[in-house]
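Notes for the one structure printed next.
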Number of protein chains: 2
Amino acid sequence: MKYAQEDAVEKATILFWKKGFQGSGMRDIQQALDMRPGSIYARFQNKEGLFKLVVEQYVAHSKDKLQSVADSDTPLLSLREFFKTALINPDELRYMRQCLLVKSITELELIGDVGKKAVLEGMVLLNNCFANIIEKAIETRELQETTPVAFAADWLQNQFVGLRAFAILQTDNSAIEKMIEKVLYDLTKQWPTE
Amino acid sequence: MKYAQEDAVEKATILFWKKGFQGSGMRDIQQALDMRPGSIYARFQNKEGLFKLVVEQYVAHSKDKLQSVADSDTPLLSLREFFKTALINPDELRYMRQCLLVKSITELELIGDVGKKAVLEGMVLLNNCFANIIEKAIETRELQETTPVAFAADWLQNQFVGLRAFAILQTDNSAIEKMIEKVLYDLTKQWPTE
DNA sequence: AATTTACTTGAACGATCGTTCAGATATGTG
DNA sequence: CACATATCTGAACGATCGTTCAAGTAAATT
């Protein structure tokens with residue numbers, strides 16, 4: 001039963017990821033989850049309640065992945081691999097290149113307060129994960145000690161957002177790889193002084 | 001009459017920019033343009049036809065602005081100002097921080113082929129504008145001669161996308177300014193070798 | 001002034017939207 | 001086996017969606 005719930009949320013994630021909140025109709029959801037409307041509403045309250053769970057699971061999952069990057073012996077090398085697997089994937093999984101959170105931000109005004117809150121809190125949480133990675137990379141001397149942690153975390157999250165928008169339009173994987181290299185390059189070099 | 005058309009498209013732009021293609025209902029559009037459904041359909045064919053004109057006008061407008069950056073004596077300084085005015089604006093114009101094209105990309109699958117084409121062609125066209133700016137900045141010696149033009153254009157467009165997603169969440173303008181400085185810094189410095 | 005042409009109007013269409021709820025079915029308990 | 005409880009079902013609701021079109025109004029032409 002608890003498994004069925006997580007499984008349902010996972011299926012809903014694919015749908016919302018592909019079509020967005022507004023673009024995913026209840027009938028799409030019913031089909032994707034193989035559940036009838038009554039069951040969905042009994043379990044998830046409403047469409048937004050389901051969306052909230054989707055976002056939370058997505059964030060938790062992303063957090064785990066970023067955490068294991070931070071826990072690596074060479075966080076910066078792991079970060080490169082993380083970028084690659086997130087941004088380069090077969091065509092039928094292309095929708096995953098877009099970040100679900102960023103996609104949701106573009107339709108934030110159309111989502112209710114509950115979903116909105118989940119999205120924004122998710123962004124903050126993942127920002128912390130990026131900060132952890134940078135701190136860890138300073139410890140391992142992969143990054144300079146002078147790297148401004150909080151700012152670099154914002155910057156890194158930013159780069160990820162830009163990269164994902166870039167990757168979704170790209171057919172050429174090597175262009176994406178080059179872009180990843182530039183990000184890591186700029187991360188390791190000197191930062192502008194205030 | 002021709003003026004009225006451009007004026008109508010401009011009003012539609014604000015709506016689509018705020019609410020997206022899917023999120024803007026025909027009744028919202030009717031209200032924004034102060035036109036009845038029949039007139040709208042007579043003039044623009046359908047919702048997607050209007051959207052296409054909106055995108056084309058948006059791209060043309062953006063192109064002009066980027067062109068005048070390239071035509072400046074100091075393109076890189078102008079670019080900084082361009083970023084600032086695009087990303088920092090009063091709260092009631094916050095919706096403008098998001099790029100209309102990028103916002104449209106996130107709902108590309110829900111827009112018809114006509115609108116889709118306009119969006120993708122717009123991205124390519126603006127990419128060329130970024131390339132022009134970089135070429136011009138090399139001429140003025142603001143950028144190193146070794147700067148890889150096409151790649152830097154992709155990268156710059158990317159940065160712009162990331163910055164806009166960042167700016168829309170940000171309340172602190174100085175954080176945005178710092179991020180702009182980092183972009184310009186990374187642009188002028190050495191690029192990673194292949 | 002009469003007639004043609006160009007444009008606007010707004011009620012109405014069928015489709016789809018998110019949501020509800022009375023009844024059917026399955027599961028747990030004594 | 002009888003009964004209580006939890007879960008699921010699917011027809012149906014009112015609202016809203018994009019769109020159409022016969023009728024009305026304004027402008028241009030003769």
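Order of the sequence lines fixes the chain letters, A, B, ..., with proteins taken first and strands second; residue numbering starts at 1 for each chain.
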field: Co-members of A:V102 in a cluster of I, L, V, M, F, W and Y side chains, linked at under 4.5 Å
entry: A:V161

- prompt: By salt bridge (Lys or Arg N to Asp or Glu O under 4.0 Å), which residues pair with B:E135, not counting sequence neighbours?
  reply: none

task: Note the angle between the end axes of the helix from C:dA1-D:dT30 to C:dG30-D:dC1, five pairs defining each, rounded to 10 degrees.
output: 0°

field: Residues which pass salt bridge (Lys or Arg N to Asp or Glu O under 4.0 Å) with B:E145, listed by chain and number, not counting sequence neighbours
entry: B:R141

- prompt: Who are the ring-ring contact (aromatic ring centres under 6.0 Å, His included) partners of B:Y95, not counting sequence neighbours?
  reply: B:W17

statement: Here the distance between atom C1' of D:dC21 and atom CZ of B:R36, to the nearest Å, is 17 Å

- request: Give a yes/no answer on whether the side chain of A:R43 brings an N or O atom under 4.0 Å of OP1 or OP2 in D:dC8.
  value: yes

query: Reading nucleotides 13-27 of chain C from the 5' end, what letters show protein touch, with B for base, S for backbone sugar-phosphate only, - for no heavy atom under 4.0 Å?
result: ----BBBBB------

query: Please, which pairs that meet ring pair (Phe, Tyr, Trp, His ring centres under 6.0 Å) have at least one residue in residues 62-94 of chain A, sequence neighbours excluded?
result: A:F82-A:F160, A:F83-A:F160

task: Go through the structure and list residues passing salt bridge (Lys or Arg N to Asp or Glu O under 4.0 Å) with B:K117, not counting sequence neighbours.
output: B:E121

Could you list the donor-acceptor pairs under 3.5 angstrom formed by side chains in residues 57-65 of chain B, with sequence neighbours left out?
residue : atom : partner : partner atom : Å
B:Y58   : OH   : B:L100  : N            : 3.2
B:S62   : OG   : B:Y58   : O            : 2.8

- prompt: Linking Ile, Leu, Val, Met, Phe, Trp and Tyr by side-chain heavy atoms under 4.5 Å, what else ends up with A:L110?
  reply: none

query: Tell me, which of residues 110-120 of chain A have any heavy atom that sits under 4.0 Å from an atom in DNA chain D?
result: none

- prompt: Could you state the CG-C1' distance from A:L33 to D:dC8, rounded to the nearest angstrom?
  reply: 14 Å

- request: Verify the neighbour count for atom NZ of A:K52: are there more than 12 heavy atoms of other residues, nucleotides or ligands below 6.0 Å?
  value: no

field: Residues that B:R27 engages under salt bridge (Lys or Arg N to Asp or Glu O under 4.0 Å), provided they are two or more places apart
entry: none

- line: Taken to the nearest whole Å, CG/B:D34 to C1'/C:dT8 is 12 Å

